[in-house]
2 protein chains.
Amino acid sequence: MNTENIKLFLSVVELGSFANAAKQFNIATSSVSRAINALEHEIGVQLFHRTTRKIALTQAGDKFHKNILPVQEAMDLTIAELVEDANLITGTLRIAASVSFGQAVLPKIVSAFTAVHSDLVIDLQLSDRRVDLIEEGIDVAIRHGKLEDSSLIARKLRNVRYHLVAAPEYLERAGIPKSISDLKAMDLMSFSYSSFARKWRFRQGNEMQEMSIMPKFLTSNAMMLKQCALNAMGIALLADWTLETELEKGNLVEVLPDWEVAGEDFETAIWIVYPSAQFVPSRTRAFVDFMVT
Amino acid sequence: MNTENIKLFLSVVELGSFANAAKQFNIATSSVSRAINALEHEIGVQLFHRTTRKIALTQAGDKFHKNILPVQEAMDLTIAELVEDANLITGTLRIAASVSFGQAVLPKIVSAFTAVHSDLVIDLQLSDRRVDLIEEGIDVAIRHGKLEDSSLIARKLRNVRYHLVAAPEYLERAGIPKSISDLKAMDLMSFSYSSFARKWRFRQGNEMQEMSIMPKFLTSNAMMLKQCALNAMGIALLADWTLETELEKGNLVEVLPDWEVAGEDFETAIWIVYPSAQFVPSRTRAFVDFMVT
DNA sequence: CTTACTATTGCATAATATGCAATTATGAAT
DNA sequence: ATTCATAATTGCATATTATGCAATAGTAAG
């Protein structure tokens, strides 16, 4: 069953002849004739009486017309609404992000974004596990570090640098490390992710060093890590975006500032990723564009 | 837009995978994949998130599903109702017949027919003009005499013989004609149709005679003609089906009973005709069958 | 009675759909 | 981690369907 045929049928009824309907649809009259014939055979009911000069609805055709017209209109309307919806920035934008990033960075961004798109509902899912966008119906996710291969489309938001930091109070107590090896004796805190938990890398110009670490404290949550550093528990490896105000205020102090430090890879970044699709919802596109700029 | 594609979409949603939907429809999975793709391109909206292993409705797809499901069901229902209707003997059966035949013969038949088919409404149009079945939406018509070529399908109900009859009172007054030529001097009454109005034909075995007549009274209505004969106005040419009881009761007497008489043609009959169509409504078929038997 | 128009149909060609097999990807099981 | 079974996609060859044109037949109006 073809809705084109039904539309053709409705047009024939409205215009009173196959020829007029053919003109309206810019097709040959023979196509109209065959379309109506096909319709009649599909449903097994004669819809028109015909002579070579005129047509007239049968009783069944008349009833069919009366009944199918609102249904066809409903179908058109449903599709039109859907298309309109797709081109509007409405509905619910589901964002997934790490707990830390969400708490630290997203509030400002999200509120600025919703101010522009008032019809949009934001559903922000904060979790430090790696979520499956497709399974959980997430539109966009913020990802850190290196991306695994996947069917997702990723755009880089910014590069990330890591720093070793500690509270002044701790450094007073434990001493300021002068070299990488000095760290061994100190209280180290890091992310529990495998790329951060057992080994750190250092770089100064062309010089590289690796150091196996025995952390005193591990967590998947950056804010937790920072809080521990602030509480003078030890030296923490933290991303730049978690630190800005704390370094300015002097609540935290950078340790070994001459060395770049990283977990596994120095080339880490924050990414915004979304499912690959032929038609990306406009809310997703809008949010991605907003984040990138 | 194809309702098959929509049904496939609904099946995919219900069964959770392209493969299952393909099984349900007994087609290749690739066809399902392409059908959904076609649907998405037609409406310009992504309906499913997909991986090679699983699919999930997008927000738009979910909304589409919610909205289109009742519409699709309504469409199926509309068509199912139509088909059911077509196979039921319901609706209105529009019958066209001559005034005389309708009055004299149809009442018994129609009441017997409606007794069997209680859901059927009968609309009996009595008219002595030749009606256009298609234009006037008539299901079946009763036709007399010779049929013209047309797109109608005709089935013979019975042969018709014509008789010359008069009231005994008239014959007492005017005398009983012994030969065809005797008629010339008498008061003749006939149908106003061209085949009856100017010439009558007579047959006895292999012998044939024609006679030009100058009727005293012409009408298109057989009952009228009979009434005039009963009123002893003269000799009338009447079809057998109008006469049965009158001859038995002796209200009318046959004139020249040894001769067969006709207007233009001896091979006349009563026909039931209906529009030619690939699908004859069952009410029409039922009535035609009823009339023939 | 002619004319112009309408629906239908045959036919050649264009467009589309379909299944199969190969490919790619992924979730689950080992 | 690695393997395995399975789902979706895609290329390709083939089958099916749709389309316009031209021819046909039939009808209503002038």
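Both backbone and side-chain heavy atoms feed into the values below; hydrogens, waters and symmetry mates do not.
The local environment of CE in Met1(A) is crowded, with over 12 non-hydrogen atoms from other residues, nucleotides or ligands closer than 6.0 Å.
Remark: C1' of dT6(C) and CZ of Phe48(A) are 14 Å apart, rounded to the nearest angstrom. Between His49(B) atom NE2 and dA25(C) atom C1' there is a gap of 18 Å when expressed in whole angstrom units. The NE2 atom of His41(A) sits 14 Å away from the P atom of dA18(D) (whole-angstrom rounding). Protein atom CG of Asn2(B) is 11 Å distant from nucleotide atom C1' of dA17(C), rounded to whole Å. Taking atom CD of residue Glu4(B) and atom C1' of nucleotide dT17(D), one finds them 15 Å apart after rounding to whole Å. We find that CG of Asn26(B) is positioned 11 Å from P of dC20(C), with the value rounded to whole Å. Protein atom CD1 of Ile27(A) is 16 Å distant from nucleotide atom P of dA15(C), rounded to whole Å.
The two residues Phe196(A) and Ile213(A) make their nearest non-hydrogen contact at O-CD1, 3.8 Å. Contact detail for Val288(A) and Val140(A): the closest heavy-atom pair is CG2-CG1, 3.8 Å. Residues Val12(B) and Val32(B) come closest through the heavy atom pair CG2-CG1, 3.7 Å.
Using a 4.0 Å cut-off between charged side-chain N and carboxylate O, Arg283(A) and Asp85(A) make no salt bridge.
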message: Across nucleotides 5-13 of chain D, 5' to 3', mark each nucleotide with B, S or - according to how protein heavy atoms within less than 4.0 Å reach it.
response: BBBSBBBB-
query: Between Gln24(B) and Ser11(B), is a side chain to side chain donor-acceptor pair (under 3.5 Å) present by the stated rule, with each step listed?
result: CA-CA 8 Å; Gln24(B) 194 182 46; Ser11(B) 169; 2.6 Å; yes
